[in-house]
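Taking it in order: structure first as structure tokens, then the write-up.
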There are 2 protein chains.
Amino acid sequence: MNVSEAIQLLKDHGYKYTGKRVDMLEFLSEHDKYMSAKEILEGMKDTYPNMSFDTIYRNLALFEELEIVETTELFGEKHFRFSCTHEEHHHHFICLQCGKTRKVEICPMDHVRNELQGYSISGHKFEVYGYCNKCH
Amino acid sequence: MNVSEAIQLLKDHGYKYTGKRVDMLEFLSEHDKYMSAKEILEGMKDTYPNMSFDTIYRNLALFEELEIVETTELFGEKHFRFSCTHEEHHHHFICLQCGKTRKVEICPMDHVRNELQGYSISGHKFEVYGYCNKCH
DNA sequence: AGTTAAATCGTAATCATTCCTAATAAGAGA
DNA sequence: TCTCTTATTAGGAATGATTACGATTTAACT
């Protein structure tokens, strides 16, 4: 997934091409880490000083729906990052200081399905938290 | 962990024995599932019709600190359940309908530490979501 | 250029959680 | 049992993230 693909995806679903959406996508793409809505709004300030929270939240929700971004809950706030791969299922190590991530290759579900036979499984979450080399 | 042990733990740490705390502990213990603060307050209404949110949240935070309860985020709200074991590290399958849980024996961290050598790991989260037999 | 529906702004509303202050009650000691 | 000290609590106000809404603007199509 990159910015062009994301824009194409929006078009394919009948959504309009707007400067704000492109800017948000570029900002997300450039910053390879989990960010809060406020941080993303802050990052738009240079180009769009009056961008409203409504626009941020609405577009992020749209991006999430189209799987352009991945989300998680950190410190009681929803955080967003540009989807690092669109094809492969994966998990993350997340730095609690800077929000940067590192892919974790292993998926625990491979080992768990046997244990939960008969249950209807609709999803799972596996995240490792800590501090990256720079923040440690 | 049971109610008596929890009360003893409170005493050992210099906290007072109050009817409200005991009632909360009993309610949590009887309901073997994740519940929101509101649900727990609702459950207290019979015995303590005027119990305040402050009391609920303050005591739940205390219980969490003493590891009497386990917590997780569901549907954007913090949820609480009586700690099912105090000794062993474990994870849960969680029913998104009723909140009931089932222990998952496997911990993915056993397989992940090698992958993340050099990182400072401070925690992790692994939860499986779905619907239990009754709710399916 | 004109039309139309989507997108956006600015602000108000919502909802979970936290904070604050006066009143209450538990535990310790006399 | 009585009093004193301090933790606990009720009630309501404050906070902070997120959502909703009416008015205005703008992208996309004719």
Side-chain angles (χ1 to χ4, degrees), chain A residues 4 6-28 34-66 68-69 71-81 99, chain B residues 6-27 34-66 68-69 71-81 99:
Chain A
S4 313
I7 292 169
Q8 190 57 48
L9 203 58
L10 287 167
K11 276 189 187 168
D12 293 347
H13 285 78
Y15 294 105
K16 290 183 176 169
Y17 174 98
T18 72
K20 276 148 200 162
R21 281 189 180 147
V22 176
D23 235 50
M24 283 181 69
L25 291 170
E26 282 174 353
F27 182 75
L28 285 161
Y34 274 109
M35 294 178 287
S36 68
K38 186 180 279 182
E39 284 177 276
I40 295 165
L41 179 64
E42 215 57 45
M44 302 289 101
K45 279 281 161 65
D46 293 343
T47 327
Y48 298 105
N50 296 320
M51 201 160 172
S52 108
F53 266 111
D54 192 48
T55 304
I56 294 287
Y57 278 113
R58 193 168 17 74
N59 284 334
L60 286 173
L62 176 60
F63 297 163
E64 183 176 7
E65 195 184 313
L66 299 179
I68 293 168
V69 299
T71 69
T72 193
E73 180 93 16
L74 297 173
F75 318 116
E77 289 176 49
K78 199 163 184 179
H79 281 63
F80 307 82
R81 61 153 298 149
Chain B
I7 291 169
Q8 189 57 47
L9 202 58
L10 286 168
K11 274 190 191 169
D12 293 346
H13 285 77
Y15 295 104
K16 289 183 176 170
Y17 175 99
T18 72
K20 276 148 201 161
R21 282 188 179 146
V22 176
D23 235 51
M24 283 181 68
L25 290 169
E26 280 173 355
F27 182 75
Y34 274 109
M35 293 178 288
S36 67
K38 186 180 279 181
E39 283 176 276
I40 295 166
L41 178 65
E42 216 56 44
M44 302 288 100
K45 279 281 160 65
D46 294 342
T47 327
Y48 299 104
N50 296 322
M51 199 160 173
S52 103
F53 265 112
D54 192 49
T55 304
I56 294 286
Y57 279 111
R58 193 168 14 75
N59 284 333
L60 285 174
L62 175 61
F63 297 164
E64 184 176 5
E65 195 185 311
L66 299 179
I68 293 167
V69 299
T71 69
T72 193
E73 181 92 17
L74 296 173
F75 318 115
E77 289 176 49
K78 200 164 185 179
H79 282 63
F80 307 82
R81 61 154 297 151

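All values below come from the heavy atoms of this structure, side chains included, with hydrogens, waters and symmetry mates left out.
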Would you kindly compare B:H79 and A:G19 by the position of their nearest DNA chain C nucleotide and give the one closer to the 5′ end?
-> A:G19

The nucleotide from D:dA28, D:dA10, C:dA26 with an atom nearest the side chain of B:T55 is D:dA10

Any A:K20 side-chain N or O less than 4.0 Å from OP1/OP2 of C:dC9 | yes

Ignoring hydrogens and angles, does a donor from either the side chain of A:N50 or the base of C:dC9 sit under 3.5 Å from an acceptor on the other?
-> no

Out of D:dA10, C:dA7, D:dT18, whichever nucleotide has its closest atom nearest the side chain of A:A37 = D:dT18

Atom CD of A:E77 to atom P of C:dT17: distance rounded to whole Å?
-> 14 Å

Atom pair distance, as rounded to whole Å: CZ in B:R21 and P in D:dA7 | 11 Å

Less than 3.5 Å between a donor and an acceptor, one on the side chain of B:K78 and one on the base of C:dT17, is that the case here?
-> no

Compare the minimum distances between each of D:dT8, C:dG10, D:dT18 and the side chain of A:S52, then state the nucleotide with the smallest one.
-> C:dG10

Test item: A:M51 and A:E42 side chains (from C-beta on) under 4.5 Å apart, heavy atoms | no

Nucleotide nearest B:D54 when distance is taken to its side chain, options C:dG10, C:dA5, D:dG12 = D:dG12

Main-chain N/O of A:S36 paired with A:E39 side-chain donor or acceptor, under 3.5 Å | yes

Interatomic distance where NE2 belongs to B:H13 and P belongs to C:dG27 [whole Å] | 17 Å

Let me know, please, whether B:Y17 or B:K38 comes out on the 5' side of the other along DNA chain C by nearest nucleotide.
-> B:K38

Report the distance from atom CG of A:L60 to atom P of D:dT19, rounded to the nearest whole Å.
-> 10 Å

Got a salt bridge between A:R21 and A:E26, using NZ or NE/NH1/NH2 to carboxylate O under 4.0 Å?
-> no

Is there a side-chain polar atom (N or O) of B:R58 under 4.0 Å from OP1 or OP2 of C:dT18?
-> no

